[in-house]
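Read the numbers this way: they start at 1 and go in the same order the structure lists the ligands and their atoms.
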Amino acid sequence: MAGKTIRVTVWGEFRHEKKNEAVRKVYPDGMHKAIQAGLAKNADMSVRTATLDEPENGITDAVLAQTDVLTWWGHTAHGEVQDAVVDKIQKRVLEGMGLIILHSGHFSKIFRRMLGTNCSLKWREVGEKERLWVVEPSHPIAQGLGEYFELPHEEMYGERFDIPTPDKVVFVSWFEGGEVFRSGCCWERGFGRMFYFRPGHETYPTFFDANVQKVLTNAVRWAAPNFYGQHPCPNTKPLETIHSVDPATGKAGVKQ
Ligand code: ZN
């Protein structure tokens with residue numbers, strides 16, 4: 001989509017912010033608004049938000065039709081996302097839409113649907129330091145970052161992360177407590193690109209971090225579709241005459 005505006009929809013569950021004062025202190029307008037503000041700094045992106053409690057979970061056909069890249073943060077209410085919405089998002093990714101899953105979205109219906117595995121992991125919430133190592137410095141999502149960057153306080157996610165082997169692992173996290181984690185993972189599904197990015201626990205200002213905003217900017221540009229297409233399964237006529245004889249019928253493959 002070079003030269004075109006990338007239409008981004010930032011989806012937020014938007015429940016912790018309503019119920020938990022500690023989360024509201026960090027994200028008074030909601031995490032989705034912070035993610036939107038970070039992406040909206042880019043002149044090549046138009047960024048809207050959608051949330052769980054809106055009609056159709058905020059993902060109407062009209063919204064989906066105007067979305068090139070969908071980002072997804074959910075945690076406490078994965079089960080409340082309608083299956084029909086998950087079906088629609090899956091179809092759209094297979095047709096070409098980019099999908100970026102953030103942090104606790106590892107257990108979202110859409111992530112598990114797209115990957116087909118359990119997506120379980122180890123976790124610990126004590127506010128320890130996370131160091132994200134850039135293991136693919138040539139990858140588009142790693143541009144503008146150093147050899148590593150750090151977040152002073154985050155929730156720990158540790159291996160084993162039950163995902164199918166990614167096409168690329170861009171970041172590997174190390175945590176102060178000793179665990180490691182595949183923190184930035186890329187997959188292709190159908191014509192669509194998917195990226196999972198680990199940081200983003202609701203009680204830390206991770207989505208205001210300049211390096212995190214750089215990663216999300218890069219990820220949106222990487223995941224933006226160059227092509228949309230359906231997946232028909234047509235019975236098709238040959239381009240050339242087929243002379244081979246089917247031994248079961250004694251006839252050539254194609255009548256002349
Ligand atoms: Zn978390």
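With H103 as reference, Y157 is the one residue of Y157, F197, F207 to meet the ring pair (Phe, Tyr, Trp, His ring centres under 6.0 Å) rule. When the options F161, F107, W72, F171 are evaluated for a ring pair (Phe, Tyr, Trp, His ring centres under 6.0 Å) with Y196, the one that passes is F161.
Taking both residues in full, the closest heavy atoms of H32 and V10 are given as O-CG1, 3.6 Å, listed atom of the first, atom of the second, then distance.
Under the 4.5 Å side-chain criterion, counting only non-hydrogen atoms from C-beta, T51 is not in contact with E13. Considering only heavy atoms from C-beta on, S46 stays 4.5 Å or farther from I6 through its side chain.
The aromatic ring centres of F175 and F181 sit 6.0 Å or more apart.
Here the Zn ion (ligand 1) has protein N, O or S atoms under 2.8 Å from it, and they come to 3.
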